[in-house]
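Let me begin by presenting the structure, written as structure tokens, before commenting on it.
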Amino acid sequence: MSRTIWKSGTFLYPLPVVMVSCGTMEKSNIITVAWTGIINTDKPMCYISIRKERHSHNIIKNTKEFAINLTNQELAYATDWCGVKTGAKVDKFAEMKLTKEKAKFISCPLIKESPVAIECKVKEIRNLGSHDMFIAEIISIDADEKYIDKNGAFDITKCNLITYSNGKYFTLGKQIGKFGYSVQKVTKNKKKVQNNNTLKRKISKKKDKKTTFKNKR
């Protein structure tokens, strides 16, 4: 395998693309962010990185709180629009016809149309150069009830969540496994299926060999 070498850069994809809401219910803003992720379990913590010149930067720096709103296919247009327009000149909630929803533990609004909103309180701000990293504790996770299954679990397959990769947006693909499946014990039924599949492959190979032998004759 040969590789092409590029200079170092931000080529770690795909990434979640989220709409971060900030400010107050009366005076709020939305910024689209792809530099975000989980950084700790106990206490649950996350981060967002924002350029210093962005309108939302000083809002979050002053209020020390924000909400991460997950985005889906229905919100793709608004997600992109909120990333290229500045809240210093436009009301993004009004322009994109998004609904403000009161949060439980922070002052800034949640985006009602988002399948999941994560309420965050800033614990530390790190100056990294082009961006400041806002390290925050996750205070609450507010999920739309229509995405909760009968067992009370969040069904991510119903959300049509989107990701960001190298300047483009993508929908998530089909599930191909689950955490721990590589070391999970195989049940008797699964063994039967696997054995049957192996037997079918062997029979198929034998047939192919016979056909090839006949053709050669």
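Note that the structure is a prediction, hence the values are computed from the model and not measured.
Judged by distance alone, with hydrogens and angles left aside, the side-chain atoms of Ser165 form no donor-acceptor pair with the main-chain N or O of Pro14 at under 3.5 Å. With Thr24 contributing its side chain and Lys27 its backbone, the two residues share a donor-acceptor pair below 3.5 Å. At least one donor-acceptor pair closer than 3.5 Å links the side chain of Tyr164 to the backbone N or O of Gly167. Proximity of a side-chain donor or acceptor of Asn151 to a complementary backbone N or O of Ala153 within less than 3.5 Å is not detected. Panel note: side chain Lys100, backbone Met25; a donor-acceptor pair is recorded below 3.5 Å. With hydrogens and angles disregarded, no donor-acceptor distance shorter than 3.5 Å links the side chain of Lys85 to the backbone of Glu95. Proximity of a side-chain donor or acceptor of Lys52 to a complementary backbone N or O of Gly129 within less than 3.5 Å is detected. Glu119 places a side-chain N or O within donor-acceptor distance of the main-chain N or O of Lys104, the cut-off being under 3.5 Å.
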Please test Val122 against Ile60 for side-chain contact (heavy atoms from CB on, under 4.5 Å), starting from the C-alpha separation and ending with a verdict. CA-CA 8 Å; Val122 177; Ile60 297 172; 4.0 Å; yes
Can you check side-chain contact (heavy atoms from CB on, under 4.5 Å) on Ser114 and Met19, steps first, answer last? CA-CA 9 Å; Ser114 170; Met19 289 194 285; 6.0 Å; no
Give the intermediate values and the outcome of ring-ring contact (aromatic ring centres under 6.0 Å, His included) for residues Tyr13 and Phe11. CA-CA 6 Å; Tyr13 298 116; Phe11 204 89; 5.3 Å; yes
Derivation of the side-chain contact (heavy atoms from CB on, under 4.5 Å) call for Thr79 and Val17: CA-CA 8 Å; Thr79 300; Val17 56; 3.6 Å; yes
Apply side-chain hydrogen bond (donor to acceptor under 3.5 Å, both in side chains) to Thr157 and Gln175, showing your working. CA-CA 8 Å; Thr157 62; Gln175 180 180 338; over 6 Å; no
Go through the steps to decide whether Leu161 and Leu70 satisfy the test side-chain contact (heavy atoms from CB on, under 4.5 Å), and finish with yes or no. CA-CA 7 Å; Leu161 296 179; Leu70 300 190; 4.2 Å; yes
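With contacts defined as side-chain heavy-atom distances shorter than 4.5 Å, the pair Tyr169/Thr163 does not qualify. You'll find the side chain of Ile135 reaches within 4.5 Å of the side chain of Arg126, heavy atoms only. In this structure, Val33 and Ser49 have side chains that are not in contact, with every pair of non-hydrogen atoms separated by 4.5 Å or more. Side-chain contact between Arg51 and Ser130 is present, with at least one heavy-atom pair separated by less than 4.5 Å. When side chains are defined from C-beta on, Tyr47 does not count as touching Phe134, because their heavy atoms never get closer than 4.5 Å.
Considering CD1 of Ile106 and CD1 of Ile139, their distance stands at 8.5 Å, rounded to 0.5 Å. Distance check: Cys120 SG to Ile138 CD1 gives 5.5 Å after rounding to the nearest 0.5 Å. With rounding to the nearest 0.5 Å, the separation of CD in Glu113 from CZ in Phe93 is 8.5 Å. Separation of atoms CD (Glu124) and CE (Met133) is listed at 9.5 Å; rounding is to 0.5 Å. To the nearest 0.5 Å, the span separating NZ on Lys123 from CD on Glu137 amounts to 5.0 Å.
Residue pairs meeting the side chain to side chain donor-acceptor pair (under 3.5 Å) criterion with at least one member in residues 56-71, sequence neighbours excluded, are Ser21-Asn69, Asn29-Ser56, His57-Asp132, Glu65-Ser107, Glu65-Lys121.
Between Trp35 and His131, the angle of the ring planes lies from 30° to 60°, which puts this pair in the tilted group.
Taking the centre and axis of the six-membered ring of Tyr147, the NZ or CZ atom of Lys158 falls outside the cone set by 45° and 6.0 Å.
Checked against Leu75 for a side-chain contact (heavy atoms from CB on, under 4.5 Å), the options Leu98, Asn160, Asp80 give a single hit: Leu98.
The shortest heavy-atom contact between Met96 and Cys82 is CG-SG, 4.2 Å.
When hydrophobic clusters are built by joining Ile, Leu, Val, Met, Phe, Trp and Tyr residues whose side-chain heavy atoms come closer than 4.5 Å, directly or via intermediates, Val90 is not grouped with Ile31. Taken together through direct or relayed side-chain contacts under 4.5 Å among Ile, Leu, Val, Met, Phe, Trp and Tyr, Tyr77 and Ile111 form part of one hydrophobic cluster. Put simply, Ile68 and Phe154 are part of the same group of oily side chains (I, L, V, M, F, W, Y) that touch within less than 4.5 Å, one to the next. Clustering ILVMFWY residues whenever any of their side-chain heavy atoms sit less than 4.5 angstrom apart, transitively, puts Ile141 in a cluster other than the one holding Leu110. Ile162 and Val84 are assigned to two separate hydrophobic clusters, defined by single-linkage of ILVMFWY side chains at heavy-atom distances under 4.5 Å.
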